Amino acid sequence: MYKTLKHPFVRLSGVKMGAIAVTSVLVLSGCSTFNVDNARLSTPEIRDTLLQDKAALQKDIEPLAGPLTLDGAIARAIKYNADRRYRALEEAVAMGTFEAGKFDMLPKLMASAGYRDRDKDLITRSVDSVTGQPSLANPYISSSREATTTEIGISWSLLDFGQSYYAARQNADRVMIAGERRRKALHNLILDVRTAYWRVVAAQKLLPLLRTTIADSEKALQDARKAEDDRIRSPLEPLRYQRQLLENLRLLETIEQELSTARIELANLTALPLNTDYTVVEPASDINTAWLNQPLDKMEEVALLRNPDLREGIYNSRIAQQETRRAMLKLFPGLSFNYGAKHSDDSYLINQSWNEAGIQLSFNLLGLLAAPAQMRLADAGVALADQKRMAMQMAVLSQLHIARLQYANTARQYERSDAIAQVDNRITQHVSNQADAQKQSALDRISQQSAAALSQLRRYQALSNAQAAASRLQATLGMEPTIDAASDMPLASLTDAVSKSLQTWNKGQLPEIESAP
């Protein structure tokens with residue numbers, strides 16, 4: 001008998017011993033070989049990831065067929081822009097967190113199974129409770145060496161339910177916050193697209209004229225240098241002529257560089273290949289000033305009720321209030337209920353299957369010491385969220401007044417720039433006619449062409465600024481295109497929806513405010 005029990009694991013079979021040995025060797029070898037270098041990305045891994053990301057970004061993107069309109073550019077950005085997709089997924093994750101968190105309020109249904117094995121029997125002695133002397137009976141065995149146990153039971157804690165309930169309400173508010181951030185991202189996206197689109201319109205209209213004027217200026221500069229070398233005139237006159245030409249060239253090249261990046265910016269926003277050679281359609285360039293006729297108090301009311309930043313602040317205040325209630329729950333005792341059905345194949349048990357129920361009341365007495373600090377922290381969080389919301393309210397009103405003022409200023413600047421551009425075009429035509437009749441010098445003609453190009457650029461810049469100011473006013477008022485399931489909507493239908501939304505905006509009408517119940 002003693003030889004049998006000499007080693008504590010002698011009863012284990014050879015297969016079990018082999019499994020344990022192999023597992024131990026694998027664990028030890030894994031610990032010894034793993035180091036920081038194993039975590040470093042390899043070039044093939046980086047390349048594969050980038051290729052997969054590129055394929056995912058370009059998946060299901062409808063190619064551009066024909067010229068790009070403003071409505072189509074905004075629709076493509078809403079449907080395909082990467083940042084827009086990120087905000088939509090962020091909202092989906094928040095919704096998933098809320099849906100998963102609701103199950104935390106349910107009781108826990110647990111199922112478990114276990115196996116035990118011991119090398120010696122569980123042998124116990126007994127002592128006489130009266131005399132305190134060891135019992136004369138032989139020691140007895142009360143448990144099998146091997147046993148398998150199974151259990152299925154339900155457990156429910158009142159304290160955990162309260163914590164999960166308030167956590168679910170907080171997650172619901174976080175879903176709303178994700179929606180408000182998506183709205184804000186949509187406002188910024190429309191602003192960026194409209195600004196970039198009008199820059200592309202300016203580039204498409206002005207770049208041919210700029211390049212022609214630059215070529216003429218280069219030719220005139222060569223003629224001026226030749227005249228200086230031939231000493232036909234006074235040396236100062238050709239030098240002044242050259243300096244004026246160089247100054248015009250510097251200005252024209254600066255304009256060309258500024259406009260040349262607009263196509264790439266718009267292509268990036270609308271998920272077009274960056275090297276795509278596309279054309280845009282110039283919309284009607286009239287600036288609608290109907291919004292300036294709206295009562296300022298009504299605009300303030302709409303901005304306060306619909307602005308995404310302010311609504312996010314209100315949701316954050318509610319989350320802080322729920323956190324205060326969660327902190328108060330920690331001051332209450334925990335009450336839990338348990339019920340389970342158990343089974344064991346221990347041969348020494350008379351009843352191998354039984355049901356077990358219990359109730360437990362627990363209370364952390366030392367938690368009372370931290371309760372005042374937790375309550376102060378929770379109250380401070382509520383006060384901080386409230387103060388941030390009030391500051392945001394003032395910021396929204398300031399943004400509204402500034403956006404309205406900028407819209408009025410940019411509208412006037414566009415009207416002035418448009419008038420100057422028209423005058424410069426007429427002057428250019430007269431100077432060109434006189435230059436053809438040799439009544440004006442080439443420098444006068446080139447200088448006037450440069451001035452006309454600059455006037456056209458300033459006109460388009462003023463138009464772009466006016467469109468951007470309109471988008472800022474629209475964003476401050478919280479008025480975005482009302483489009484449901486934009487990711488699933490066909491691009492043509494989405495373009496029509498965007499067009500109708502812009503037409504509604506151009507009418508200068510505020511949305512109806514829901515009356516209190």
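What you see is a predicted model, and the numbers here were worked out from it, not measured in a lab.
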(request) For T276 and P273, indicate whether the former's side chain and the latter's backbone hold a donor-acceptor pair under 3.5 Å. (result) yes

(message) I want to check something: taking the side chain as every heavy atom from C-beta on, are I319 and I177 in contact at a cut-off of under 4.5 Å?
(response) yes

(request) Ignoring hydrogens and angles, tell me if any N or O in the side chain of Q474 forms a donor-acceptor pair with the backbone of M479 under 3.5 Å. (result) yes

(message) Just so I know, are the side chains of L266 and V193 near enough to count as touching, which here means a heavy-atom distance under 4.5 Å?
(response) yes

(message) Under the criterion side-chain hydrogen bond (donor to acceptor under 3.5 Å, both in side chains), I'd like the reasoning laid out for R194 against S471: C-alpha separation, chi angles, the key distance, then a yes or no.
(response) CA-CA 8 Å; R194 291 175 74 172; S471 293; 3.1 Å; yes

(message) Going by the rule side chain to side chain donor-acceptor pair (under 3.5 Å), which residues pair with R174 if we only count those two or more places apart in sequence or in a different chain?
(response) N171

(message) Suppose we screen for side chain to side chain donor-acceptor pair (under 3.5 Å). Which residues come up paired with N316, at least two apart in sequence or across chains?
(response) none

(message) Rounded to the nearest 0.5 Å, what separates atom CG in L159 from atom OG in S164?
(response) 9.5 Å

(message) Suppose we screen for salt bridge (Lys or Arg N to Asp or Glu O under 4.0 Å). Which residues come up paired with E312, at least two apart in sequence or across chains?
(response) R181

(message) The criterion is side chain to side chain contact (heavy atoms under 4.5 Å, CB included); which residues satisfy it with Q322, sequence neighbours excluded?
(response) Y166, R169, Q170, R325

(request) Under the side chain to side chain contact (heavy atoms under 4.5 Å, CB included) rule, collect the residues that match up with L310, sequence neighbours excluded. (result) L304, N307, R389, M392, Q393, V396

(message) Tell me which pairs pass ring pair (Phe, Tyr, Trp, His ring centres under 6.0 Å) where either residue lies in residues 242-280, with sequence neighbours left out.
(response) none

(request) Identify the two heavy atoms, one from G478 and one from P308, that lie closest to each other, and give their separation to 0.1 Å. (result) CA-CD, 4.4 Å

(message) When you compare the side chain of D379 with that of T324, does any pair of heavy atoms fall below 4.5 Å?
(response) yes

(request) Taking all heavy atoms of E62 and all of Y80, pick out the closest pair and write down the distance. (result) N-OH, 3.2 Å

(message) To check you understand the geometry: which heavy-atom pair defines the closest contact between S417 and A462, and what is its length?
(response) OG-CB, 3.8 Å

(request) Check the pair L274, R263 against side chain to side chain contact (heavy atoms under 4.5 Å, CB included), reporting the backbone distance first and the verdict last. (result) CA-CA 8 Å; L274 299 182; R263 301 180 66 84; over 6 Å; no

(message) Just to verify, what does Q429 make a side chain to side chain contact (heavy atoms under 4.5 Å, CB included) with, not counting sequence neighbours?
(response) N433

(request) Check ring-ring contact (aromatic ring centres under 6.0 Å, His included) between F161 and all other residues, then give those that pass, not counting sequence neighbours. (result) W156

(request) Please name the pair of heavy atoms, one in A203 and one in P208, separated by the smallest distance, quoted to 0.1 Å. (result) O-CD, 4.2 Å

(message) Does any part of the side chain of D160, heavy atoms only, come nearer than 4.5 Å to the side chain of K108, both counted from C-beta?
(response) yes

(message) Tell me whether T410 contacts the main-chain N or O of Q406 through its side chain, where contact means a donor paired with an acceptor under 3.5 Å.
(response) yes

(request) Give the C-alpha distance, both sets of side-chain angles, the deciding distance and a yes or no for side chain to side chain contact (heavy atoms under 4.5 Å, CB included) between L494 and R76. (result) CA-CA 8 Å; L494 184 58; R76 291 185 67 90; over 6 Å; no

(request) Would you name the heavy atoms of L189 and A77 that are closest together and state the gap between them? (result) CD2-O, 3.4 Å

(message) Quick check for you: to the nearest 0.5 Å, what is the distance between L206 atom CG and R199 atom CZ?
(response) 12.0 Å

(message) I'd like to check I420 versus R458 (side-chain heavy atoms, cut-off strictly below 4.5 Å). Are they in contact?
(response) no

(request) Could you pull out all residues at least two apart from R404 that satisfy side chain to side chain donor-acceptor pair (under 3.5 Å)? (result) none

(request) Please check if the side chain of Y197 supplies one atom and the backbone of L68 the other of a donor-acceptor pair under 3.5 Å. (result) yes

(request) Can you sort out the partners of P295 under side chain to side chain contact (heavy atoms under 4.5 Å, CB included), two or more places apart, ordered by chain and number? (result) D297, K298

(request) With sequence neighbours excluded, tell me which residues meet side chain to side chain donor-acceptor pair (under 3.5 Å) with T428. (result) Q448

(request) Find the distance between CD (Q456) and NZ (K205) and round it off to the nearest 0.5 Å. (result) 6.0 Å

(request) To the nearest 0.5 Å, tell me how far E323 CD sits from L377 CG. (result) 8.0 Å

(message) For D418 and Q422, which I'm curious about, is there any donor-acceptor pair between the side chains at under 3.5 Å?
(response) yes

(message) Between S499 (side chain only) and T495 (backbone N and O only), is there a donor and an acceptor less than 3.5 Å apart?
(response) no

(message) When you measure from the side chain of R183 to the backbone of R306, do you find a donor-acceptor pair of N or O atoms at a distance under 3.5 Å?
(response) yes

(message) I need the full list of ring pair (Phe, Tyr, Trp, His ring centres under 6.0 Å) pairs touching residues 444-463, with sequence neighbours left out, sorted by first then second residue.
(response) none

(request) For A320 and G381, work out which heavy atoms get closest and say how close. (result) CB-O, 3.8 Å

(message) Return the OH to CZ distance between Y407 and R412, rounded to the nearest 0.5 Å.
(response) 12.5 Å

(request) Please lay out, stage by stage, how Q163 and L329 fare under the test side chain to side chain contact (heavy atoms under 4.5 Å, CB included). (result) CA-CA 7 Å; Q163 294 281 346; L329 282 178; 3.8 Å; yes

(request) Applying side chain to side chain contact (heavy atoms under 4.5 Å, CB included), run through T476 and H187 and close with a yes or a no. (result) CA-CA 9 Å; T476 306; H187 294 156; over 6 Å; no

(request) Answer whether the closest heavy-atom distance between the side chains of L400 and L473 falls below 4.5 Å. (result) yes

(request) Working to the nearest 0.5 Å, report the span between CG of L272 and CG of D277. (result) 11.5 Å

(message) Check whether N465 reaches the backbone of Q461 with its side chain - one donor and one acceptor, N or O, closer than 3.5 Å.
(response) yes

